[in-house]
Amino acid sequence: SLESAGCIITIMRADCSHRATLAAVIAAIPGTAPLRGIIHTAGVIEDRILLEQDWTSFRRVSAPKAQGAWNLYELTRDLQLDFMIFFSSAAGIVGSAGQANYSAANSLMDAIAQFCRRAGIPALAVNWGPWSGGMAGQHRVKRNLTAFEEITPETGFPLTRGSWPRR
């Protein structure tokens, strides 16, 4: 439906935590179809109780969320974006057993979104609960989020319409 409305959609895979790789992806976008929006959905879960957390685990989990968000900010801050949406997690607000690293990574991403907004970039971090079929459905964290009903794509995606900040 977006393409029928005149949008050009290109999907490129890259590790957003590697700045040079992400810069190459952004540089490959043709000037005739400039980048107008970003939806950052990267994430990694590596659950461990707090006493078993280590720096390697923290970096592995925080890299796609926090470093990826920061790289996106730095590489696109001079573009005229219509929106920059970070898919964060309620884990950054309420936490979850075994997810200190994931909670911290999402909190960092939330802070980066606020930083972007203060810099005039139309950024938003959405603190989603668990999506069915998403990371929560594929990992044991699902048991820890019993207070949250799973969000289905049919109910979740319509919630995003009209809520994106724009310049």
For this session: Measure the CG-CG distance between Leu79 and Leu35 for me, rounded to the nearest 0.5 Å.
Result: 6.0 Å
Exercise. Is any side-chain heavy atom of Asn101 less than 4.5 Å from a side-chain heavy atom of Arg60?
Worked result: no
Problem set entry | Euclidean distance, Ile121 CD1 relative to Ile38 CD1, rounded to 0.5 Å | 9.0 Å
Seminar exercise, completed: On a heavy-atom basis, the closest approach of Val61 and Ala105 is O-CB, 3.9 Å
For this session: Find the distance between SG (Cys116) and CE (Met84) and round it off to the nearest 0.5 Å.
Result: 5.0 Å
For this session: Hey, could you give me each pair passing salt bridge (Lys or Arg N to Asp or Glu O under 4.0 Å) that has a residue in residues 4-15? Not counting sequence neighbours.
Result: none
Problem set entry | Nearest-0.5 Å distance that lies between atom OG in Ser17 and atom NZ in Lys65 | 13.0 Å
Exercise. What residue pairs, at least two apart or across chains, pass salt bridge (Lys or Arg N to Asp or Glu O under 4.0 Å) with a residue in residues 29-41?
Worked result: Arg36-Asp82
Exercise. For Ala66 and Leu108, which heavy atoms make the closest approach, and how far apart are they?
Worked result: CB-CB, 3.7 Å
Exercise. Who are the side chain to side chain contact (heavy atoms under 4.5 Å, CB included) partners of Arg19, not counting sequence neighbours?
Worked result: Asn71, Glu74, Leu75
Exercise. Checking Asp110 side chain against Ala125 main chain: does a donor-acceptor pair fall under 3.5 Å?
Worked result: no
Exercise. What pairs with Thr32 under side chain to side chain contact (heavy atoms under 4.5 Å, CB included), at least two apart in sequence or on another chain?
Worked result: Pro30
Seminar exercise, completed: In short, Ser88 meets Met109 closest at the heavy-atom pair CA-CE, 3.8 Å
Exercise. Pick from Asn106, Asp47, Leu50: which one makes a side-chain contact (heavy atoms from CB on, under 4.5 Å) with Gln99?
Worked result: Asp47
Exercise. Going hydrophobic residue to hydrophobic residue with side-chain gaps under 4.5 angstrom, can you get from Tyr73 over to Val25?
Worked result: yes
Seminar exercise, completed: In short, Ile39 meets Phe87 closest at the heavy-atom pair CG2-CE1, 3.7 Å
Seminar exercise, completed: Residues passing the side chain to side chain contact (heavy atoms under 4.5 Å, CB included) test with Asp78, sequence neighbours excluded, are none
For this session: Look up atom CD in Glu52 and atom CD in Glu46, then write down how far apart they are to the nearest 0.5 Å.
Result: 11.0 Å
Problem set entry | For Ala111, side chain to side chain contact (heavy atoms under 4.5 Å, CB included) partners two or more places apart | none
Problem set entry | Closest heavy-atom pair and its distance - Gly37, Leu81 | N-CD2, 3.9 Å
Exercise. Would you find a donor on one side and an acceptor on the other, under 3.5 Å apart, between the side chain of Ser4 and the backbone of Ser1?
Worked result: yes
Seminar exercise, completed: Applied to residues 21-56, the ring pair (Phe, Tyr, Trp, His ring centres under 6.0 Å) test, sequence neighbours excluded, yields His40-Phe86, Trp55-Phe58
